[in-house]
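Keep in mind it's a predicted model, so treat the numbers as computed, not measured. Protein chains get the first letters and strands the later ones, always in sequence-line order, with residue 1 at the start of each.
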Amino acid sequence: MEIENNLPKTFSPEGIEDKWYQRWMDAQSFKPKKGKQNQTFTMIMPPPNVTGKLHMGHALNATTMDTLTRYKRMKGFETLWIPGTDHAGISTQSVVEKLVWKQEKKNRHDLGREEFVKRIWAWKEEYGSEIVSQQKKMGVSCDWDYSTFTLDEIPNKAVKKFFVDLFNEGLIYQSDRLVNWDPALQSAISDAEVEHKEVKGFFYYLKYKVKEEPGMELIIATTRPETIFADTAVAVNPNDERFKDLIGKTAIIPICNREVPIIGDEHVDIEKGTGCLKVTPGHDFNDFEIGKRNDLPIINILNLDGTYNKNAPEIEGLKTKDARKKVEEILLELGELIEKKDHVHPVGHGERSDEIIEPMVSKQWFVNTTAMSETAVKAVENGEMTFFPKGWENTYFSWLRNPKDWCISRQLWWGHQIPVYYCRECDAKWAAEETPEECVECKSENLFQDPDVLDTWFSSGLWPLSTLGWPDEKAMKEKGFDRFYPNTVLVTGYDIIFFWVARMMMMGMKVTEKAPFEHVYIHAIVRDKQGRKMSKSLGNGIDPLDMIKQYGTDAMRFTLAAGSGYNRDLNLDPERIEGYRNFVNKLWNAFRFIHPYLDKAKDELPVKSEWHLHDKWILAELNTVAKKMNESLDLYRYDDACSEIYQYVYDKFCSWYIELSKNILNGSNEKEKIIRATMLKFCFKKIVNLLHPITPFITEEIWGYLENEKSLLIAQEYVEFDHTLENSEVQEMMNKFIDITTGIRNIRSSVNLKPKDEIDVKIFTDDKRLAKFVYESRHFLKDLANVKSGTIRSKNAEKPKKSASLVTTHCEIFIPLEGLIDINDQVNRIKKDMEKTQADYKKVEAKLSNMNFMANAPEEVRTEVIEKAKLFQDKLSSLNEILESFQ
RNA sequence: GGGCGUUUAGCUCAGCUGGGAGAGCGCUACCCUUACAAGGUAGAUGUCGGGGGUUCAAUCCCCUCAACGCCCACCA
């Protein structure tokens, strides 16, 4: 019988992806709706930089979040996923600055602040949404009406309010302190933005004269000889016998011949270097502390661009690298450099610029985070917020339990300008949410605003609040702040636990006294197949958009989801995407198979008494999968969820149920056909339902066929466990039936039978339920293993001699092929099986003869082992019997 | 220097509260069988990093060593 099928043989994702995304948008499918759970599910999307391009990290983040969102939505939560973009101060400013330079040969100072910021906005309007359209290609089902940009009015209000409140509380203050100065950006950056890298350098051993002890020379080891111009002391450990007598005397710095005191400070490590330390409070964090303790003056020898200033006349105008060479030359000439040794040491680099960070004293704004950190730590300790996987809380704790004040001011133009105002007439300085008209003290109108902007993370830290309208009451009401805050879960990578998660916890709890999320799921970082970080310089990046083009979004998403559990790295090999593309195609072809029978299918399942054994089986298996998928997704085990449905589709539905259906669908019993068509359709609806959160496009496409586009799959209820479908007995029997079928195929293969060769099979078993099951399934063996005829008997019946055969733990299978088989081959097969079974048997037998095992092992384990022993014994005696038949 | 993590089949990884080692990809042989060659059927492959301990029983718990990776930390 020819079956018409007008569906394409391979599934092509192009076209259908955009189609369905648009349908979902048109149907407002991404908007929160009240559902059967009577609970909200809220999540914010980590806002990508407006300058960003979609990379694998985004793709993974989008996949895990969208899977979760679709799952929760289908489960009946009022689901809100909030998208947005980040202004990303530094990177956006430098992108536009470069562009302006390229086009007009002007830098930002040539344009002036107002004009330059205008250019950035213009750039943002034109190019800032590229990342958004790329996210849509991934299928993200977020509510775009909530989309927020970190420089929008509400986040700006949030930033101002938070700043002003903390300022008035005294938690935000301005101070002249040593900060991490990035000479490339010409801005301060926070501790968290400094990356320490191992750098090859030298230890320089310098001679310092002691004024009071002519002829005496102190040897000081340093990695930064160029900073001697900023030295204001020499320090030794007060307990160091070698030097303690020098404390209070005076050292003379080489080259500049300045006199500085020799001081004692516990910080000095007697073992390290020479035990003598040059103290440079203006350019070293430890020295700054020593300086504070000992009241030392601070000398700044650097300009903002990283060149040395007039306080270091010999190296004025040079940058550190050249300055160091120059100083080395001068010291050599003077004979003050005794030795230069190779030395590898960590050096701070700017996270964005990758420039060497110069510690420099500068007036900056800081947040005192002591109290906020403590609150944030407690929230995790007492379970108000939980990390998945739990281990990440250690990373979180380690940072928050050692809080340092956060430097929040940046000398940039793109960002939230600090809402602090100064009066030119008097010395007044105050913070205000609204731009003031006059001085709070003297009423003068001659005011100016602090020119600095805030660290980007200051506004990102308020993201869970500001995306829901805070602090604007009208907006909060419109956006449902009370319902949607706190968020249910935050999904992000471990690289921004400090930057972002910790800050949101601190800031969110400061404002609302509630943790901004219940769960934080930390997903892996995507690496290449060899486990290396994807980077431009290595050229090992995999572009998600290329992959989508090549294999489709669904395949890409399934791959990422299948690789996401509680692991910290995801090593991605494009071959895996290809493999899952094949799976998507398999699903499509399974659908192609049932498609012609859909019009026979009824909407409701038939009464249970009409279910075939195989129907009971496939529904019981489906039910098991539904249970496991729900459990897995609740725990963010996307890997388990993927493997469950993958195995069901491949190894249960396609390999067996479809094969077992052919006999019926091609048969003549119309009633049976209708029932089977109904079953196939029912199962398929459940399969695409279960898969939809992971692979939304193909499932929605198939759903369209199954339901004649009367409804959207995205809005269906997710399949859950249904105890009425449970049937462990039929599952057990079916597994044995599968064993038998595979056994027959195995025998066929062992005697090189062609697929077209029909056979006669004799099965011997003492398991009556199995005998019944096999008997009822006997007609299917024709389709499954080309069995023409056969018998099922008990084991004590007479068996064929010199046959091809195979023994399982529950039955013996014979294919009588007198004269056609190679006796030696068969004997060897049996012998090999015997060896293996004997080994298995010995293992369990050893346990049974172990008195300690019998005395200590729990009852159920003992029973299990005893049963196994019996099975192996039976199998052995069957094998023995067969072997004898060949004698 | 402190902390965390990893080490299981050729590759990428799962293995939950200890009780006969798993998946995907790859590989081998045979098959263009009317859903699918982006496929089917059958098959091979592991001293579960080394050593020690607890236990009747250890891939799983404890100790120790080794290799690799990550994070934090003051550029003497």
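- The base of B:rA23 has none of its N or O atoms less than 3.5 Å from a complementary donor or acceptor on the side chain of A:E644.
- Ring centroids of A:F498 and A:Y396 are separated by 6.0 Å or more, keeping the two rings apart.
- Salt-bridge formation is detected for the pair A:D354/A:K197: a Lys NZ or Arg NE/NH1/NH2 atom is positioned less than 4.0 Å from an Asp or Glu carboxylate oxygen.
- Side-chain rings of A:F387 and A:W392 stay apart, their centers remaining 6.0 Å or farther from each other.
- Taking atom P in both B:rC61 and B:rG19, one finds a spacing of 11 Å when rounded to whole Å.
- When the side-chain nitrogen and oxygen atoms of A:Y646 are compared with OP1 and OP2 of B:rC25, one or more of them lie within a distance under 4.0 Å.
- Computed from coordinates, the A:L570 CG to B:rG5 C1' distance equals 16 Å when rounded to whole Å.
- A:F288 does not carry A:R177 over the face of its six-membered ring by the limits of under 6.0 Å from the centre and within 45° of the normal.
- In this structure, A:I594 reaches neither bases nor backbone, as no heavy-atom distance under 4.0 Å exists between it and the strands shown.
- Between the side chains of A:E358 and A:T320, at least one donor-acceptor pair of N or O atoms lies under 3.5 Å.
- Comparing B:rA35 with B:rU28, their C1' atoms sit 27 Å apart, to the nearest whole Å.
- Considering only side-chain N and O atoms, A:N856 lies under 4.0 angstrom from the phosphate OP1 or OP2 of B:rC56.
- Of the candidate nucleotides B:rC74, B:rA35, B:rG24, B:rC74 has the atom nearest to the side chain of A:N286.
- Atom-to-atom, CG of A:D651 to P of B:rA23 comes out at 9 Å; the value is rounded to the nearest Å.
- With hydrogens and angles left out, the side chain of A:K586 and the base of B:rC36 share a donor-acceptor pair within 3.5 Å.
- Nucleotides B:rU17 and B:rG24 are separated by 27 Å at their C1' atoms, to the nearest Å.
- Here the side chain of A:P346 is nearest to one of B:rA38, B:rA73, B:rA23, namely B:rA73.
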At a cut-off of 3.5 Å, list every protein nitrogen or oxygen paired with a nitrogen or oxygen from nucleotides 14-16 of chain B, distance to 0.1 Å.
| residue | atom | partner | partner atom | Å |
| --- | --- | --- | --- | --- |
| B:rA14 | O3' | A:R637 | NH2 | 3.3 |
| B:rG15 | OP1 | A:R637 | NH1 | 3.0 |
| B:rG15 | OP1 | A:R637 | NH2 | 3.1 |

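- Spacing of C1' atoms, B:rU55 relative to B:rC62, comes out at 12 Å, to the nearest Å.
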Which nucleotides of RNA chain B pair, in dot-bracket form (Watson-Crick or G-U under 3.5 Å, | meaning another strand): (((((((..((((.....[..)))).(((((.......))))).....(((((..]....))))))))))))....
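- Distances shorter than 4.0 Å separate none of the side-chain N or O atoms of A:K756 from OP1 or OP2 on B:rC31.
- Residue-level contact check: A:P858 touches the bases, meaning some heavy atom is under 4.0 Å from a base atom.
- As rounded to the nearest Å, B:rC25 and B:rU45 have C1' atoms that lie 14 Å from one another.
- Distance from the side chain of A:Y650 is smallest for B:rG40 among the nucleotides B:rC75, B:rG40, B:rG19.
- For A:D783 and A:K662, the salt-bridge test fails: no basic side-chain N is under 4.0 Å from an acidic carboxylate O.
- A:E195 comes within 4.0 angstrom of nothing in the nucleic acid, heavy atoms only.
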Decide salt bridge (charged side-chain N to carboxylate O under 4.0 Å, His left out) for A:K875 and A:D833; before the verdict, give the C-alpha distance in whole Å, the side-chain angles of both, and the deciding distance to 0.1 Å. CA-CA 10 Å; A:K875 187 173 171 184; A:D833 198 359; 3.4 Å; yes
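- Of the candidate nucleotides B:rC71, B:rA35, B:rC75, B:rC71 has the atom nearest to the side chain of A:F498.
- The existence of a salt bridge linking A:E864 and A:K868 is confirmed by a sub-4.0 Å separation between a basic side-chain nitrogen and an acidic carboxylate oxygen.
- One atom, CG of A:N852, and another, C1' of B:rU55, lie 10 Å apart when rounded to the nearest Å.
- Taking atom NZ of A:K662 as the reference point, atom P of B:rC36 lies 8 Å away to the nearest angstrom.
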Go through the steps for A:D874 and A:K870 under the test salt bridge (charged side-chain N to carboxylate O under 4.0 Å, His left out), then give the verdict. CA-CA 6 Å; A:D874 285 355; A:K870 188 176 178 313; 3.0 Å; yes
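- Proximity of a side-chain donor or acceptor of A:N582 to a complementary backbone N or O of A:Y580 within less than 3.5 Å is not detected.
- Contacts of A:N585 with the nucleic acid, taken as non-hydrogen atoms under 4.0 Å apart, include base atoms.
- Dashed line: the shortest gap from a side-chain N or O of A:N746 to OP1 or OP2 of B:rG43 is under 4.0 Å.
- Contact check, A:R576 against B:rG24: no side-chain N or O comes under 4.0 Å of OP1 or OP2.
- Among the nucleotides B:rG19, B:rA35, B:rA42, the one closest to any side-chain atom of A:A857 is B:rG19.
- The separation between A:E860 atom CD and B:rC56 atom P is 17 Å, rounded to whole Å.
- The side chain of A:N589 contributes no N or O atom lying less than 4.0 Å from OP1 or OP2 of B:rA38.
- When each of B:rC31, B:rC36, B:rC25 is scored by its nearest atom to the side-chain atoms of A:P755, the top-ranked nucleotide is B:rC31.
- B:rC48 and B:rA37 have their P atoms separated by 41 Å, given to the nearest Å.
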For residues 198-208 of chain A, dump all side-chain donor-acceptor pairs below 3.5 Å to protein atoms at least two apart in sequence or in another chain.
| residue | atom | partner | partner atom | Å |
| --- | --- | --- | --- | --- |
| A:K207 | NZ | A:G335 | O | 3.1 |
| A:Y208 | OH | A:D231 | OD2 | 2.8 |

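- Atom CZ of A:F583 and atom P of B:rC25 are 11 Å apart (whole Å).
- Checking B:rA38, B:rA73, B:rG24 against the side-chain heavy atoms of A:Y580 singles out B:rG24 as nearest.
- Map A:D284 and A:K754 each onto its nearest nucleotide of RNA chain B; the residue landing nearer the 5' end is A:K754.
- Applying the 4.0 Å criterion to OP1 and OP2 of B:rG24, one finds that A:S643 has every side-chain N and O outside that range.
- Counting non-hydrogen atoms of neighbouring residues, nucleotides and ligands closer than 6.0 angstrom, the NZ atom of A:K782 exceeds 12 such neighbours.
- Mapping A:H343 and A:V194 onto RNA chain B via the closest heavy atom, the residue that lands nearer the 5' end is A:V194.
- Between A:K9 and B:rA37 there is a side-chain polar atom (N or O) within less than 4.0 angstrom of OP1 or OP2.
- A distance of about 10 Å separates the P atoms of B:rA14 and B:rU8, rounded to the whole Å.
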Go through the steps for A:E328 and A:K325 under the test salt bridge (charged side-chain N to carboxylate O under 4.0 Å, His left out), then give the verdict. CA-CA 5 Å; A:E328 186 185 334; A:K325 259 187 223 156; over 6 Å; no
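- Side-chain N/O atoms of A:H196 include one lying less than 4.0 angstrom from OP1 or OP2 on B:rC75.
- Between the side chain of A:R581 and the base of B:rA38 there is at least one donor-acceptor pair of N/O atoms closer than 3.5 Å.
- With both ends at atom C1', the span from B:rC27 to B:rC11 equals 12 Å, rounded to whole Å.
- Rounded to whole Å, the distance from CG on A:N752 to C1' on B:rC31 is 12 Å.
- In this structure, CD1 of A:I525 is placed 10 Å from C1' of B:rC70, rounded to the nearest angstrom.
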